[in-house]
Amino acid sequence: MDEDRIETLAVHGGERRPGPEGSVVYPIYQGTVYSVPSGTDYHDLRYIRLNSTPSQSYLHDKLAALECAEAGLATASGMAAISTALHSVLRSGDHLLVGDCLYGGTHDFLTHHAADFGWSYTFIDPHRPDTWEAARTPRTKAVLVESITNPLVRVGRLPEVAEFARANGLVSLIDNTFATPVNFRPLTAGFDLVLHSATKYLNGHSDIVAGAIVGGAEHVERARTTANHFGGSLDPHAGFLLARGLKTLALRVRAQNENALRLAEFLAARPEIEQVNHPGLESHPDHARAAELFDGFGGMLSIRPAGGVAAAQKLIDALRLPFDAPSLGGVESLITRPAATSHAGMSPQDRLALGVTDDLIRISVGVEAPEDLIDDFERALAAS
C-alpha cells in the first residue's frame, strides 16, 4: 500500500482483510504458547519473547507500512529500540559516529555503557559534512543521528549523512521520533534503520511505553534476533494500544504541526521570550533545510524566557493547559525543563556545550485549539 497517502496508510497499512472471525479491529492475542510444526526454527516459534505472535506480527506490519519499510519490530521502549539496534550492528572493537545533540537517554547509554561493550564512538556535527571523514576510523561500522534533535529541534544534513554512510559501507540509523513518518520518511532519504520511541507520537495518548525499529528486512531480522536474546519484547495489550494510536497518527501530527508553528510565531514576537527554537520559523538556522526535507515542521519547540531559570519555572507554573511533564507527542500539550528531566543524566558541562541550558523550556504541543494555547501562554507570560 506504499502508493497510498499517509492518512490512508495509518488506517489500513498492515491490516488483515478479513480480520480473524471477520473482526475489523485486530484482536489482542494474549497467549504465550502456540502449537507449531516440528522442525520450526527457534526464532520462528510463536512466542511473545521471540516477537512472533499474531499480535506482534500485525503490529510490525503496520509500523513497516508507515515508513514504507520492508520490515518492522516493536520493542518494550524507545531505549530498547535504540540499544537493540546498536547491538545488532556493532561488535566489540567497533566504532560509532553519532550526532552531537541527542536525547539524554541515548547520550547516557553511550557515555555510560559503550565501553562495557567494547564500542568506541565519536560525536560529529550533523551540519558539517566536511568533518565526518576525519572522525571515521577503520573500525567505524555505523552512524546514528536524529531527524529533529531533542531538545534544540535542529535539522542536520540528513541525506548527506545517509550518502556518507553508504559510500563508506556504514549502517545508517536515525531516530525519527520528533519528525514521525508523517513529516519525514528517512528510508526514502537512504537510511538503513529508522528508530522511534513509540511512547511518543506513534501512540500519541501518553498511556504506553514502546519502541520501534523499521527498515530493510535483513537489518530488522538481525535486530529481532538481538531483541529475542535481550528479551525487550512488547506486551500484547500495549501493542494493541499502539496499533490503535497509529490509525490517527496523521490527523494528530498535522494538527500538532499547525499548533506548534502558530505558538512559536506568537512566542517569537513576545519581549518576555529571548529565544524560540522551531524549524518552521524563518529565523531558525535550519528552516530552509527542514522545508525541503519535511512535509511538516513537527509539534516540538523550545524556548528561553528572559530572566533565567526562575522566570522559566514561573512561566511553567503559571500555565493552565500544558502539563508539567517530561514526555512528549501526546494529544495534550506538555512542558518541561530538559536540564531537570530528559537530559538530567548529562553533566552540566555536556549540557551547556550542546546549548541545553538550565532555563531552556521544551514544549510538546498537543491538539488543543491553537487559540486557547496562545491565550494560555499570553496570560501566563503576563502573570509571571
Side-chain angles (χ1 to χ4, degrees), residues 1-17 26 51 56-75 78 81-82 84-85 88-89 142-148 155-156 158-163 165-166 170-198 200-204 210-224 239 242-254 256-257 289-299 329:
M1 301 180 68
D2 57 3
E3 72 277 6
D4 289 324
R5 293 171 175 83
I6 188 68
E7 293 84 355
T8 305
L9 276 176
V11 176
H12 294 287
E15 292 296 321
R16 276 47 171 164
R17 301 174 70 99
Y26 199 77
N51 297 286
Q56 290 169 315
S57 297
Y58 160 71
L59 176 58
H60 296 163
D61 289 347
K62 285 198 74 69
L63 291 167
L66 280 170
E67 290 279 9
C68 295
E70 291 179 350
L73 174 71
T75 62
I82 289 168
T84 295
S88 73
V89 300
V143 56
L144 168 66
V145 296
E146 296 179 352
S147 53
I148 303 177
V155 179
L158 303 179
E160 290 92 332
V161 171
E163 174 55 34
R166 188 163 48 251
L170 312 180
V171 179
S172 54
L173 305 94
I174 184 167
D175 184 334
N176 200 35
T177 298
F178 270 29
T180 83
V182 178
N183 294 325
F184 182 53
R185 295 182 185 176
L187 296 176
T188 65
F191 282 87
D192 295 311
L193 282 172
V194 181
L195 313 176
H196 286 274
S197 172
K200 314 302 194 300
Y201 287 101
L202 295 191
N203 175 58
I213 303 171
V214 296
E218 184 177 346
H219 283 300
V220 173
E221 184 57 28
R222 273 205 304 272
R224 185 174 81 91
L242 174 54
R244 183 174 69 173
L246 289 174
K247 294 182 182 182
T248 60
L249 175 67
L251 303 179
R252 291 184 282 103
V253 170
R254 299 278 192 224
Q256 288 162 313
N257 286 344
R289 184 176 305 117
E292 178 183 356
L293 290 176
F294 298 160
D295 291 327
F297 297 109

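Source: prediction; values computed, not measured.
- Atoms CD1 and OG1, on Ile213 and Thr84 in that order, are 5.0 Å from each other to the nearest 0.5 Å.
- In this structure, the ring-ring contact (aromatic ring centres under 6.0 Å, His included) partners of Phe184, at least two apart in sequence or on a different chain, are Phe294.
- Smallest separation of non-hydrogen atoms from Ile6 and Ala250: CG2-CB, 4.2 Å.
- Looking only at side-chain heavy atoms (C-beta outward), Val182 and Leu66 stay at 4.5 Å or farther from each other.
- Annotation for Ile174 and Pro186: closest pair CG2-CB, 3.4 Å, computed over non-hydrogen atoms.
- Asn51 meets the side chain to side chain contact (heavy atoms under 4.5 Å, CB included) test with Gln56, His60, Leu73, Arg224, Ala227, Asn228, Ser233; sequence neighbours excluded.
- Glu292 has no carboxylate O lying under 4.0 Å from a charged side-chain N of Arg289, or vice versa, which leaves the two without a salt bridge.
- Here Ile148 contributes atom CD1 and Leu158 contributes atom CG; the two are 9.0 Å apart, rounded to the nearest 0.5 Å.
- Annotation: side chain of Thr177 is in contact with side chain of Ser197 (closest heavy-atom distance under 4.5 Å).
- In this structure, the separation between CG on Asn257 and CG on Asp295 is 9.0 Å, given to the nearest 0.5 Å.
- Scanning all heavy atoms of the two residues, the minimum distance from Leu59 to Ala74 falls at CD2-CB, 3.6 Å.
- A distance-only check finds a donor-acceptor pair linking the side chain of Lys62 to the backbone of Ala10 [under 3.5 Å].
- Checked by atom type and distance alone, the side chain of Arg252 pairs as donor or acceptor with a backbone atom of Gly245 at under 3.5 Å.
- With hydrogens and angles ignored, the 3.5 Å screen pairs no side-chain donor or acceptor of Arg16 with any backbone N or O of Tyr26.
- Scanning all heavy atoms of the two residues, the minimum distance from Val143 to Ala165 falls at CG1-CB, 3.8 Å.
- Rounded to the nearest 0.5 Å, atoms CG (Leu202) and CD (Glu67) are 8.0 Å apart.
- Residue pairs meeting the salt bridge (Lys or Arg N to Asp or Glu O under 4.0 Å) criterion with at least one member in residues 210-220, sequence neighbours excluded: Glu218-Arg222.
- Atom CG of Leu63 is separated from atom NE2 of His196 by 8.0 Å, given to the nearest 0.5 angstrom.
- Scanning for side chain to side chain contact (heavy atoms under 4.5 Å, CB included) contacts around Asp192 gives Val171, Ser172, His219, with sequence neighbours left out.
- Counting heavy atoms from C-beta on, the side chains of Ser147 and Leu293 never come closer than 4.5 Å.
- Under the rule for a salt bridge (charged side-chain N to carboxylate O under 4.0 Å, His left out), Arg244 has no partner lying at least two apart in sequence or in another chain.
- Residues Leu195 and Leu144 form a side-chain contact, since some pair of their non-hydrogen atoms from C-beta on lies under 4.5 Å apart.
- Rounding to the nearest 0.5 angstrom, the gap separating the CG atom in Leu249 from the CZ atom in Arg254 is 9.5 Å.
- Here Glu70 pairs with Ala217 under the side chain to side chain contact (heavy atoms under 4.5 Å, CB included) rule; sequence neighbours left out.
- Heavy-atom minimum distance, Ala142 versus Val89: CB-CG2, 4.1 Å.
- Shown here for Gly14 and Ala65, the closest heavy-atom pair between the two residues is N-CB, 4.2 Å.
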